[in-house]
Chemist: 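I have a structure here, written as structure tokens, and I will follow up with some questions on it.
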Amino acid sequence: MTKVIPLPSEDILNPCEYRLAVPLPADTVRAVWTIFDRGQDYLRWYLDPRIRAFARTHQLALVLATHCRSKERDDMIVEPAKGVGRALYTALDQFALTKQRPELASAPVIAMGWSGAGSLAARLAGYRPDRYLAGIDYAPGQYEPLGMDTILLSDEAIRKPQLIIANGSDNVNGTERPYAYFRKYFERGAPWTFVIQNRTPHCCLQNAESLILLWLDEALAKPSRAGLTGYIRVQESGTVDEWKRPVVNVTAARIGKPGKAASGELPSGWMPSPTFAEEWLSFVRRKSPLAVWHP
């Protein structure tokens with residue numbers, strides 16, 4: 001473990017803590033999969049044997065980043081420029097020295113988080129696009145004025161793949177704002193993928209494990225947007241989010257050519273391979289969640 005001391009000018013109340021796992025100690029680390037701690041689901045993910053095996057195969061270091069609590073309120077910071085971005089890269093510099101892993105000081109980052117941490121994972125693309133490899137934003141969002149609609153990314157930042165997963169019974173961040181974030185940059189050419197997990201509340205990352213690992217496997221190999229596009233039809237679920245906007249579930253889905261949405265369909269993004277496309281179809285057509293593990 002390593003700790004990063006906040007600078008006086010930063011909005012960090014206490015030192016930030018980071019845990020590191022390198023599943024194959026003899027190999028050079030290709031990238032750092034940073035998992036922002038937001039409850040037990042994320043500690044389980046960090047410790048999960050399937051995740052460790054994936055990391056070994058792809059030469060990934062795993063970092064569990066605990067909360068950098070804000071001075072303002074009892075919550076994490078989601079704006080990288082307020083200290084949490086510097087703290088993350090400082091932690092990697094410290095690990096590079098203490099673990100004799102010099103590649104950690106320059107390795108790109110895969111950022112992953114839930115809820116507010118999902119907003120942070122998305123925002124990191126704009127903070128250091130040169131060190132951002134991919135993002136996984138699960139049920140993402142944050143209180144005003146830090147919603148997904150406030151994330152501004154450069155052309156360089158949006159070239160990096162992101163997987164945005166929203167839940168069809170999420171009464172916190174809902175589906176509308178995560179989708180609007182996806183659609184805004186997908187229309188500018190971003191190689192991004194959007195997913196709805198039907199009838200699922202503001203929880204349950206583990207349901208998406210297979211989908212996430214397959215997407216990340218493809219994203220690590222093919223970060224371009226060439227290929228197929230997913231399309232969905234949706235209907236209101238009866239749930240509303242914190243902004244009183246309707247939350248939706250998927251009623252139908254298909255794979256097609258880019259830019260060929262039929263009437264009433266919504267583009268759902270980049271399908272990096274036929275194998276992933278089949279997994280995506282199976283996931284969004286699922287009537288109910290597989291499990292409910294509250295974070």
Side-chain angles (χ1 to χ4, degrees), residues 118 122 134-141 147-149 151 153 155 158-202 204 207-208 210-212 214-216 218-219 222-241 243-290:
I136 301 159
D137 319 327
Y138 184 77
M148 301 303 287
D149 56 318
I151 299 176
L153 299 179
D155 288 343
I158 70 173
R159 287 197 295 268
K160 310 302 174 68
Q162 288 193 39
L163 175 64
I164 300 103
I165 304 174
N167 289 341
S169 293
D170 184 346
N171 65 347
V172 180
N173 290 326
T175 52
E176 183 177 281
R177 286 193 173 194
Y179 183 75
Y181 168 69
F182 155 79
R183 184 76 179 263
K184 174 181 178 180
Y185 291 111
F186 184 70
E187 290 182 349
R188 284 175 49 185
W192 292 8
T193 307
F194 179 78
V195 183
I196 291 177
Q197 185 174 199
N198 284 338
R199 296 175 178 82
T200 303
H202 193 56
C204 312
N207 293 354
S210 294
L211 184 81
I212 289 170
L214 185 55
W215 178 87
L216 186 53
E218 298 285 354
K222 309 172 205 174
S224 73
R225 191 174 133 164
L228 300 171
T229 296
Y231 298 96
I232 56 175
R233 295 180 185 273
V234 301
Q235 69 178 13
E236 294 183 9
S237 66
T239 301
V240 295
D241 63 23
W243 299 274
K244 307 305 179 185
R245 300 301 302 163
V247 181
V248 300
N249 287 312
V250 175
T251 59
R254 70 175 180 89
I255 305 298
K257 294 181 179 179
K260 298 296 183 181
S263 176
E265 288 184 329
L266 299 173
S268 196
W270 177 55
M271 300 289 119
S273 72
T275 301
F276 175 80
E278 288 301 317
E279 182 70 22
W280 176 85
L281 282 171
S282 176
F283 188 89
V284 298
R285 288 170 174 170
R286 191 184 295 162
K287 299 298 183 182
S288 301
L290 291 179

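We number each residue from 1, following the sequence as shown. The model shown is predicted, which means the values in this text are computed figures rather than measured ones.
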Chemist: For S263 and R233, work out which heavy atoms get closest and say how close.
Modeler: O-NH1, 2.8 Å
Chemist: Could you walk me through whether N173 and D241 pass side-chain contact (heavy atoms from CB on, under 4.5 Å), step by step?
Modeler: CA-CA 6 Å; N173 290 326; D241 63 23; over 6 Å; no
Chemist: Could you tell me which non-hydrogen atom of C204 sits nearest to which non-hydrogen atom of Q197, and how far apart they are?
Modeler: O-NE2, 3.9 Å
Chemist: For residues I158 and L153, report the shortest heavy-atom separation together with the two atoms involved.
Modeler: CG2-CB, 3.6 Å
Chemist: Whether the side chain of T193 engages the backbone of G269 through a donor-acceptor N/O pair (distance < 3.5 Å, no angle test) should be reported.
Modeler: no
Chemist: What's the spacing between N198 CG and Q235 CD if we round to 0.5 Å?
Modeler: 9.0 Å
Chemist: Which distance, rounded to the nearest 0.5 Å, do you find between the CG of D170 and the OG1 of T175?
Modeler: 8.0 Å
Chemist: Can you give me every donor-acceptor pair (side chain of residues 274-284, partner residue at least two apart or in another chain, under 3.5 Å) with its distance?
Modeler:
residue: W280; atom: NE1; partner: F194; partner atom: O; Å: 3.2

Chemist: Report the residue from F182, Y179, F186, Y185 that forms a ring-ring contact (aromatic ring centres under 6.0 Å, His included) with W192.
Modeler: Y185
Chemist: Can you find a heavy atom in the side chain of E265 that is under 4.5 Å from one in the side chain of R254?
Modeler: yes
Chemist: Looking at OG of S169 and CD1 of I196, how far apart are the two atoms once the value is rounded to the nearest 0.5 Å?
Modeler: 11.0 Å
Chemist: Assign the ring pair W270 / W215 to parallel, tilted or perpendicular, where the plane angle (0 to 90°) is split at 30° and 60°.
Modeler: perpendicular
Chemist: Would you check if the side chain of R199 reaches a backbone N or O of K287 as a donor-acceptor pair within less than 3.5 Å?
Modeler: yes
Chemist: Yes or no on side-chain contact (heavy atoms from CB on, under 4.5 Å) for T229 and M271, after CA distance, side-chain angles and deciding distance?
Modeler: CA-CA 5 Å; T229 296; M271 300 289 119; 5.6 Å; no
Chemist: If every non-hydrogen atom of V250 is compared with every non-hydrogen atom of A252, which pair is closest and at what distance?
Modeler: CG1-O, 3.4 Å
Chemist: Kindly compute the distance separating CD1 (I136) from CD (Q162), expressed to the nearest 0.5 Å.
Modeler: 10.0 Å
Chemist: Mind listing the closest non-hydrogen atom pair of S237 and N249 along with its distance?
Modeler: CB-ND2, 3.2 Å
Chemist: Which atoms form the tightest heavy-atom contact between R285 and A253, and what is the distance?
Modeler: NH2-O, 2.9 Å
Chemist: Salt bridge check, D149 against K184: does any charged N sit closer than 4.0 Å to a carboxylate O?
Modeler: no
Chemist: State the CG-CD1 distance between D137 and I165, to the nearest 0.5 angstrom.
Modeler: 9.0 Å
Chemist: From the options V234, I255, I232, select the one residue that forms a side chain to side chain contact (heavy atoms under 4.5 Å, CB included) with S268.
Modeler: I232
Chemist: Are the side chain of N167 and the backbone N or O of P201 linked by a donor-acceptor pair below 3.5 Å?
Modeler: yes
Chemist: Kindly compute the distance separating NZ (K244) from CD (E176), expressed to the nearest 0.5 Å.
Modeler: 14.0 Å
Chemist: Go through the steps to decide whether E218 and S273 satisfy the test side-chain hydrogen bond (donor to acceptor under 3.5 Å, both in side chains), and finish with yes or no.
Modeler: CA-CA 7 Å; E218 298 285 354; S273 72; 2.8 Å; yes
Chemist: Does Y138 reach the main-chain N or O of L163 with its side chain, forming a donor-acceptor pair under 3.5 Å?
Modeler: no
